[in-house]
Amino acid sequence: MGKQKADLSDPASWLDAYGDFLYRYALARVRSPAVAEDLVQDTFLAAYGSRKSFEARASERTWLVAILKNKIVDHFRKSRRESPQEDVGALGETTESPFDASGRWRVGPAPWAKNPETVFEQKEFWGVLQGCIAELPDRLADTFVLRELEEFSGEEVCKVFGITPSNLWVSLHRARQRLRSCLERNWFSRTEKRKD
Amino acid sequence: MLTCRETSKLVSESLDRKLPWHRRLSVAFHLSMCRLCSRNKGQMLFLGAALKRYCREIEKHLPDAEVTLSPEARSRIRDLLQDTENSS
(Lines give C-alpha, C1' and ligand atoms only; values in the text may rest on other atoms or scores of the structure.)
Protein backbone atom coordinates (compact mmCIF):
# COMPACT_ATOMS: atom_id res chain seq x y z
CA MET A 1 0.00 0.00 0.00
CA GLY A 2 2.08 2.86 -1.29
CA LYS A 3 5.25 1.00 -0.27
CA GLN A 4 5.59 -0.55 -3.73
CA LYS A 5 7.65 1.42 -6.17
CA ALA A 6 6.01 2.55 -9.37
CA ASP A 7 7.84 2.85 -12.64
CA LEU A 8 7.61 6.51 -13.69
CA SER A 9 7.82 5.56 -17.34
CA ASP A 10 4.81 3.26 -16.90
CA PRO A 11 1.87 5.28 -15.56
CA ALA A 12 -0.32 2.18 -15.29
CA SER A 13 2.01 0.92 -12.57
CA TRP A 14 1.26 4.09 -10.54
CA LEU A 15 -2.36 3.07 -10.48
CA ASP A 16 -1.48 -0.33 -9.02
CA ALA A 17 0.91 1.12 -6.48
CA TYR A 18 -1.00 4.18 -5.29
CA GLY A 19 -4.54 4.12 -6.70
CA ASP A 20 -6.30 2.73 -3.63
CA PHE A 21 -4.29 4.80 -1.18
CA LEU A 22 -5.10 8.01 -3.07
CA TYR A 23 -8.74 7.01 -3.33
CA ARG A 24 -9.04 6.51 0.44
CA TYR A 25 -7.22 9.77 1.04
CA ALA A 26 -9.64 11.64 -1.23
CA LEU A 27 -12.72 9.85 0.07
CA ALA A 28 -11.91 10.76 3.69
CA ARG A 29 -11.93 14.40 2.63
CA VAL A 30 -14.63 14.79 -0.02
CA ARG A 31 -16.89 11.98 1.25
CA SER A 32 -18.34 11.16 -2.18
CA PRO A 33 -17.00 8.02 -3.91
CA ALA A 34 -17.70 9.45 -7.40
CA VAL A 35 -15.92 12.73 -6.64
CA ALA A 36 -13.02 10.87 -4.98
CA GLU A 37 -12.60 8.69 -8.09
CA ASP A 38 -12.60 11.74 -10.35
CA LEU A 39 -10.00 13.43 -8.17
CA VAL A 40 -7.76 10.36 -8.29
CA GLN A 41 -8.12 10.27 -12.06
CA ASP A 42 -7.23 13.98 -12.36
CA THR A 43 -4.28 13.44 -10.03
CA PHE A 44 -2.81 10.66 -12.17
CA LEU A 45 -3.31 12.64 -15.37
CA ALA A 46 -1.69 15.75 -13.85
CA ALA A 47 1.15 13.60 -12.48
CA TYR A 48 1.70 12.09 -15.90
CA GLY A 49 1.82 15.56 -17.45
CA SER A 50 4.41 16.76 -14.97
CA ARG A 51 6.37 13.54 -14.42
CA LYS A 52 9.53 15.11 -15.84
CA SER A 53 9.52 17.68 -13.07
CA PHE A 54 9.24 15.00 -10.38
CA GLU A 55 12.27 15.13 -8.18
CA ALA A 56 13.28 11.94 -6.48
CA ARG A 57 13.98 13.91 -3.28
CA ALA A 58 10.34 13.34 -2.34
CA SER A 59 8.75 9.91 -2.47
CA GLU A 60 6.37 9.23 -5.33
CA ARG A 61 3.58 8.90 -2.81
CA THR A 62 4.32 12.32 -1.27
CA TRP A 63 4.44 13.84 -4.73
CA LEU A 64 1.10 12.29 -5.74
CA VAL A 65 -0.53 13.33 -2.44
CA ALA A 66 0.64 16.92 -3.00
CA ILE A 67 -1.04 16.89 -6.43
CA LEU A 68 -4.18 15.31 -4.97
CA LYS A 69 -4.35 17.94 -2.22
CA ASN A 70 -4.38 20.67 -4.87
CA LYS A 71 -7.13 18.83 -6.73
CA ILE A 72 -9.17 18.59 -3.52
CA VAL A 73 -8.80 22.33 -2.91
CA ASP A 74 -9.79 23.02 -6.54
CA HIS A 75 -12.84 20.82 -6.03
CA PHE A 76 -13.87 22.73 -2.88
CA ARG A 77 -13.29 26.06 -4.62
CA LYS A 78 -15.35 24.97 -7.62
CA SER A 79 -18.22 23.64 -5.54
CA ARG A 80 -18.26 26.92 -3.63
CA ARG A 81 -18.45 28.85 -6.92
CA GLU A 82 -21.33 26.66 -8.04
CA SER A 83 -23.41 27.37 -4.91
CA PRO A 84 -22.11 30.75 -3.72
CA GLN A 85 -25.39 31.89 -2.22
CA GLU A 86 -25.28 29.36 0.58
CA ASP A 87 -24.49 31.15 3.81
CA VAL A 88 -22.02 29.16 5.88
CA GLY A 89 -23.13 30.95 9.01
CA ALA A 90 -26.69 29.81 8.51
CA LEU A 91 -25.74 26.15 8.47
CA GLY A 92 -25.77 23.70 11.24
CA GLU A 93 -27.52 25.45 14.09
CA THR A 94 -31.20 24.72 13.98
CA THR A 95 -33.52 23.04 16.41
CA GLU A 96 -30.70 20.72 17.44
CA SER A 97 -28.62 23.57 18.82
CA PRO A 98 -27.36 22.69 22.30
CA PHE A 99 -28.22 26.24 23.42
CA ASP A 100 -31.59 27.76 24.24
CA ALA A 101 -32.79 31.18 23.11
CA SER A 102 -31.05 32.91 26.01
CA GLY A 103 -27.70 31.29 25.10
CA ARG A 104 -27.61 28.81 28.01
CA TRP A 105 -26.95 25.11 27.51
CA ARG A 106 -30.16 23.32 26.65
CA VAL A 107 -28.43 19.99 27.08
CA GLY A 108 -25.01 20.43 28.63
CA PRO A 109 -22.02 18.27 27.69
CA ALA A 110 -21.94 15.00 29.63
CA PRO A 111 -18.67 13.96 31.30
CA TRP A 112 -16.28 12.01 29.07
CA ALA A 113 -13.51 9.56 29.84
CA LYS A 114 -10.68 11.27 31.66
CA ASN A 115 -7.77 9.90 29.67
CA PRO A 116 -7.80 10.54 25.91
CA GLU A 117 -5.01 8.03 25.30
CA THR A 118 -7.17 5.13 26.42
CA VAL A 119 -9.84 6.27 23.93
CA PHE A 120 -7.36 6.78 21.11
CA GLU A 121 -6.08 3.24 21.51
CA GLN A 122 -9.47 1.78 20.64
CA LYS A 123 -9.76 1.38 16.91
CA GLU A 124 -13.58 1.44 16.98
CA PHE A 125 -13.36 5.04 18.21
CA TRP A 126 -11.81 6.13 14.90
CA GLY A 127 -14.65 4.51 12.98
CA VAL A 128 -17.17 6.42 15.08
CA LEU A 129 -15.30 9.70 14.54
CA GLN A 130 -15.20 9.02 10.81
CA GLY A 131 -18.96 8.42 10.83
CA CYS A 132 -19.49 11.68 12.72
CA ILE A 133 -17.42 13.65 10.19
CA ALA A 134 -19.40 12.02 7.37
CA GLU A 135 -22.64 13.26 8.97
CA LEU A 136 -21.61 16.92 8.85
CA PRO A 137 -23.45 18.99 6.24
CA ASP A 138 -21.20 19.41 3.19
CA ARG A 139 -20.37 23.06 3.62
CA LEU A 140 -19.46 22.64 7.28
CA ALA A 141 -17.47 19.52 6.48
CA ASP A 142 -15.52 21.14 3.63
CA THR A 143 -14.26 24.06 5.71
CA PHE A 144 -13.62 21.72 8.63
CA VAL A 145 -11.61 19.26 6.52
CA LEU A 146 -9.34 21.97 5.16
CA ARG A 147 -8.79 23.53 8.56
CA GLU A 148 -8.46 20.43 10.74
CA LEU A 149 -7.35 17.59 8.49
CA GLU A 150 -5.30 19.50 5.95
CA GLU A 151 -4.21 22.02 8.60
CA PHE A 152 -4.74 25.05 6.38
CA SER A 153 -4.59 28.39 8.19
CA GLY A 154 -7.88 30.18 8.77
CA GLU A 155 -6.83 32.77 6.19
CA GLU A 156 -6.18 30.11 3.55
CA VAL A 157 -9.54 28.44 4.18
CA CYS A 158 -11.29 31.82 3.84
CA LYS A 159 -9.54 32.35 0.49
CA VAL A 160 -10.55 28.96 -0.87
CA PHE A 161 -14.21 29.41 0.04
CA GLY A 162 -14.39 33.18 -0.42
CA ILE A 163 -15.80 33.67 3.08
CA THR A 164 -15.05 36.11 5.88
CA PRO A 165 -13.15 35.05 9.03
CA SER A 166 -16.37 35.53 11.05
CA ASN A 167 -18.20 33.10 8.79
CA LEU A 168 -15.36 30.62 9.09
CA TRP A 169 -15.35 30.75 12.90
CA VAL A 170 -19.10 30.26 13.02
CA SER A 171 -18.79 27.35 10.63
CA LEU A 172 -15.96 25.69 12.58
CA HIS A 173 -17.79 26.18 15.86
CA ARG A 174 -20.90 24.50 14.50
CA ALA A 175 -18.87 21.65 13.05
CA ARG A 176 -17.05 21.10 16.36
CA GLN A 177 -20.28 21.22 18.35
CA ARG A 178 -21.88 18.68 16.02
CA LEU A 179 -18.89 16.39 16.28
CA ARG A 180 -18.77 16.78 20.06
CA SER A 181 -22.41 15.89 20.34
CA CYS A 182 -22.11 13.01 17.82
CA LEU A 183 -19.18 11.51 19.74
CA GLU A 184 -21.10 11.86 22.99
CA ARG A 185 -24.11 10.05 21.51
CA ASN A 186 -22.28 7.36 19.60
CA TRP A 187 -19.19 6.72 21.64
CA PHE A 188 -19.04 8.10 25.15
CA SER A 189 -22.61 7.35 26.25
CA ARG A 190 -22.29 3.83 24.80
CA THR A 191 -18.94 3.08 26.38
CA GLU A 192 -20.28 4.35 29.72
CA LYS A 193 -23.28 2.02 29.36
CA ARG A 194 -20.99 -0.91 28.56
CA LYS A 195 -19.14 -0.27 31.83
CA ASP A 196 -22.42 -0.37 33.85
CA MET B 1 -21.05 38.38 31.24
CA LEU B 2 -20.82 36.09 28.24
CA THR B 3 -23.52 33.51 27.64
CA CYS B 4 -22.63 29.83 27.32
CA ARG B 5 -23.25 30.01 23.56
CA GLU B 6 -20.86 32.97 23.21
CA THR B 7 -18.29 31.27 25.40
CA SER B 8 -18.48 28.07 23.38
CA LYS B 9 -18.02 30.03 20.16
CA LEU B 10 -15.03 31.91 21.57
CA VAL B 11 -13.46 28.71 22.90
CA SER B 12 -13.74 27.24 19.40
CA GLU B 13 -12.39 30.48 17.87
CA SER B 14 -9.40 30.36 20.23
CA LEU B 15 -8.38 27.11 18.51
CA ASP B 16 -8.04 29.04 15.24
CA ARG B 17 -6.60 32.39 16.33
CA LYS B 18 -5.39 34.25 19.39
CA LEU B 19 -8.33 36.09 20.94
CA PRO B 20 -7.97 39.74 21.97
CA TRP B 21 -7.00 40.02 25.66
CA HIS B 22 -10.39 41.33 26.82
CA ARG B 23 -12.08 38.35 25.16
CA ARG B 24 -9.66 35.92 26.78
CA LEU B 25 -10.43 37.52 30.12
CA SER B 26 -14.20 37.26 29.61
CA VAL B 27 -13.90 33.61 28.58
CA ALA B 28 -11.67 32.78 31.55
CA PHE B 29 -14.13 34.48 33.91
CA HIS B 30 -17.10 32.58 32.46
CA LEU B 31 -15.22 29.26 32.55
CA SER B 32 -14.34 29.80 36.21
CA MET B 33 -18.05 30.06 36.98
CA CYS B 34 -19.56 27.51 34.60
CA ARG B 35 -18.89 23.79 34.97
CA LEU B 36 -20.60 22.87 31.68
CA CYS B 37 -18.58 25.36 29.64
CA SER B 38 -15.35 24.15 31.28
CA ARG B 39 -16.30 20.62 30.35
CA ASN B 40 -17.14 21.76 26.82
CA LYS B 41 -13.71 23.37 26.52
CA GLY B 42 -12.03 20.13 27.63
CA GLN B 43 -14.03 18.24 25.02
CA MET B 44 -13.11 20.72 22.27
CA LEU B 45 -9.44 20.18 23.14
CA PHE B 46 -9.97 16.41 23.15
CA LEU B 47 -11.56 16.68 19.71
CA GLY B 48 -8.62 18.76 18.44
CA ALA B 49 -6.16 16.13 19.70
CA ALA B 50 -8.21 13.34 18.11
CA LEU B 51 -8.34 15.14 14.75
CA LYS B 52 -4.57 15.58 14.74
CA ARG B 53 -4.28 11.76 14.80
CA TYR B 54 -7.34 10.98 12.73
CA CYS B 55 -5.77 10.62 9.27
CA ARG B 56 -2.95 8.43 10.55
CA GLU B 57 -5.34 6.25 12.52
CA ILE B 58 -7.85 5.66 9.73
CA GLU B 59 -5.02 4.82 7.40
CA LYS B 60 -3.70 2.37 9.97
CA HIS B 61 -6.64 0.28 10.98
CA LEU B 62 -10.12 1.27 10.03
CA PRO B 63 -12.45 -1.32 8.57
CA ASP B 64 -12.63 0.73 5.40
CA ALA B 65 -8.92 0.21 4.83
CA GLU B 66 -10.58 -2.29 2.50
CA VAL B 67 -12.15 0.61 0.57
CA THR B 68 -10.68 0.59 -2.91
CA LEU B 69 -11.18 2.17 -6.31
CA SER B 70 -14.06 0.54 -8.14
CA PRO B 71 -13.05 -1.77 -11.03
CA GLU B 72 -14.81 0.66 -13.43
CA ALA B 73 -12.83 3.65 -12.18
CA ARG B 74 -9.61 1.67 -12.22
CA SER B 75 -10.16 0.57 -15.79
CA ARG B 76 -11.20 4.08 -16.89
CA ILE B 77 -8.09 5.65 -15.35
CA ARG B 78 -5.88 2.95 -16.84
CA ASP B 79 -7.33 3.59 -20.31
CA LEU B 80 -6.93 7.35 -19.96
CA LEU B 81 -3.31 7.01 -18.87
CA GLN B 82 -2.68 4.61 -21.74
CA ASP B 83 -4.25 7.04 -24.24
CA THR B 84 -2.19 9.91 -22.86
CA GLU B 85 0.94 7.82 -23.09
CA ASN B 86 0.21 6.76 -26.66
CA SER B 87 -0.54 10.28 -27.81
CA SER B 88 2.63 11.76 -26.29
Side-chain angles (χ1 to χ4, degrees), chain A residues 1 10-12 14-15 19-25 27-28 33-34 36-38 40-41 44-45 48-49 97-100 102-105 108-112 116 119-120 123 125-127 129-130 133 144 147-149 151 153-154 165 168-170 172-177 179-180 183-184, chain B residues 1-17 19 34-70 72-85 88:
Chain A
M1 197 183 61
D10 174 16
W14 304 355
L15 187 58
D20 291 334
F21 167 74
L22 293 176
Y23 174 67
R24 281 195 292 274
Y25 187 101
L27 188 61
E37 285 179 353
D38 286 350
V40 172
Q41 174 181 306
F44 280 123
L45 290 175
Y48 185 76
S97 167
F99 304 102
D100 65 18
S102 65
R104 290 197 194 93
W105 289 100
W112 287 4
V119 177
F120 294 163
K123 72 173 186 180
F125 169 77
W126 300 104
L129 179 56
Q130 187 183 41
I133 293 174
F144 189 75
R147 176 76 188 103
E148 293 282 14
L149 302 190
E151 298 184 344
S153 70
L168 175 66
W169 297 325
V170 169
L172 292 172
H173 176 230
R174 302 233 167 113
R176 287 176 180 133
Q177 275 302 340
L179 288 180
R180 193 201 62 71
L183 283 180
E184 189 162 296
Chain B
M1 179 160 150
L2 295 173
T3 64
C4 296
R5 185 208 305 268
E6 289 164 338
T7 304
S8 173
K9 182 175 175 294
L10 287 167
V11 164
S12 168
E13 206 172 306
S14 72
L15 302 175
D16 302 304
R17 64 157 189 151
L19 297 177
C34 179
R35 187 174 47 92
L36 292 177
C37 282
S38 290
R39 187 179 288 162
N40 178 57
K41 182 184 176 185
Q43 294 176 356
M44 291 283 119
L45 294 175
F46 172 96
L47 187 59
L51 289 162
K52 283 213 176 348
R53 294 172 61 150
Y54 171 76
C55 293
R56 198 166 12 119
E57 296 290 341
I58 54 168
E59 189 51 35
K60 202 161 73 186
H61 57 210
L62 267 195
D64 73 356
E66 298 307 315
V67 172
T68 56
L69 275 171
S70 66
E72 297 77 26
R74 185 177 294 276
S75 147
R76 189 181 71 225
I77 297 171
R78 193 180 299 279
D79 291 347
L80 277 168
L81 285 170
Q82 202 61 57
D83 290 350
T84 314
E85 196 181 11
S88 62

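Just so it is clear: chains get the letters A, B, ... in the order the sequence lines come, proteins before strands, and each one is counted from 1.
To the nearest 0.5 Å, atoms CG (B/Leu51) and CG (A/Leu129) are separated by 5.5 Å. With values rounded to the nearest 0.5 angstrom, A/Arg104 atom CZ is found 11.5 Å from B/Cys37 atom SG. Considering OG of B/Ser12 and CZ of A/Arg180, their distance stands at 12.0 Å, rounded to 0.5 Å. A/Leu15 contributes atom CG, which lies 11.0 Å from atom CD of B/Gln82 (distance to the nearest 0.5 angstrom). Annotation: the span from B/Leu81 atom CG to A/Trp14 atom CH2 amounts to 7.0 Å, rounded to 0.5 Å. The CH2 atom of A/Trp169 sits 3.5 Å away from atom CZ of B/Arg17, with the distance rounded to the nearest 0.5 Å.
With a 4.5 angstrom heavy-atom cutoff, A/Ile133 touches chain B only via side-chain atoms. The part of A/Phe125 that comes within reach of chain B is its side chain, from C-beta onward, which places non-hydrogen atoms under 4.5 angstrom from that chain. Heavy atoms of B/Thr7 lying under 4.5 Å from chain A are absent altogether. Contacts between A/Ser102 and chain B at a heavy-atom distance below 4.5 Å involve the backbone alone (N, CA, C, O). Interface remark: B/Leu47 contributes side-chain atoms only to the contact with chain A (heavy atom separation under 4.5 Å). There is no contact between A/Ala34 and chain B, counting heavy-atom distances below 4.5 Å. At a 4.5 Å heavy-atom cutoff, the contact between B/Leu15 and chain A is made by backbone and side-chain atoms alike. For chain A, the nearby part of B/Arg76 is the side chain; its heavy atoms alone come within less than 4.5 Å.
Looking at A/Gln130 and B/Tyr54, their side chains come closer than 4.5 Å, going by heavy atoms from C-beta outward. When side chains are defined from C-beta on, B/Arg5 counts as touching A/Ser97, because their heavy atoms get closer than 4.5 Å. Contact of the A/His173 side chain with the B/Glu13 side chain is not registered, since no non-hydrogen atoms from C-beta on lie closer than 4.5 Å.
Note on ring orientation: taking the six-membered ring where Trp is involved, the planes of A/Phe120 and B/Phe46 are tilted (angle from 30° to 60°).
Residue B/Thr84 comes nearest to A/Leu45 through the heavy atom pair OG1-CD2, 3.7 Å, listed as atom of the first residue, atom of the second, then distance. Residues A/Gly108 and B/Leu36 approach most closely at CA-CD1, 3.9 Å, considering heavy atoms.
In this structure, the ring-ring contact (aromatic ring centres under 6.0 Å, His included) partners of A/Trp105, at least two apart in sequence or on a different chain, are A/Phe99.
The choice from B/Gly48, B/Ser8, B/Cys34, B/Ala49 that makes the most heavy-atom pairs within less than 4.5 Å of chain A is B/Ser8. Taking B/Arg78, B/Arg53, B/Gln43 one by one and counting their heavy-atom pairs under 4.5 Å with chain A, the maximum is reached by B/Gln43. For the options B/Arg35, B/Glu6, B/Lys52, B/Arg74, heavy-atom pairs under 4.5 Å to chain A are most numerous at B/Arg74. Of the listed residues (B/Ile77, B/Asp16, B/Val11), the greatest number of heavy-atom pairs within a distance under 4.5 Å of chain A belongs to B/Asp16. Ranked by non-hydrogen atom pairs under 4.5 Å with chain B, the options A/Glu148, A/Glu151, A/Glu37, A/Glu184 are led by A/Glu37.
At distances below 3.5 Å, not a single donor-acceptor pair connects side-chain atoms of A/Arg176 with backbone N or O atoms of B/Lys9.
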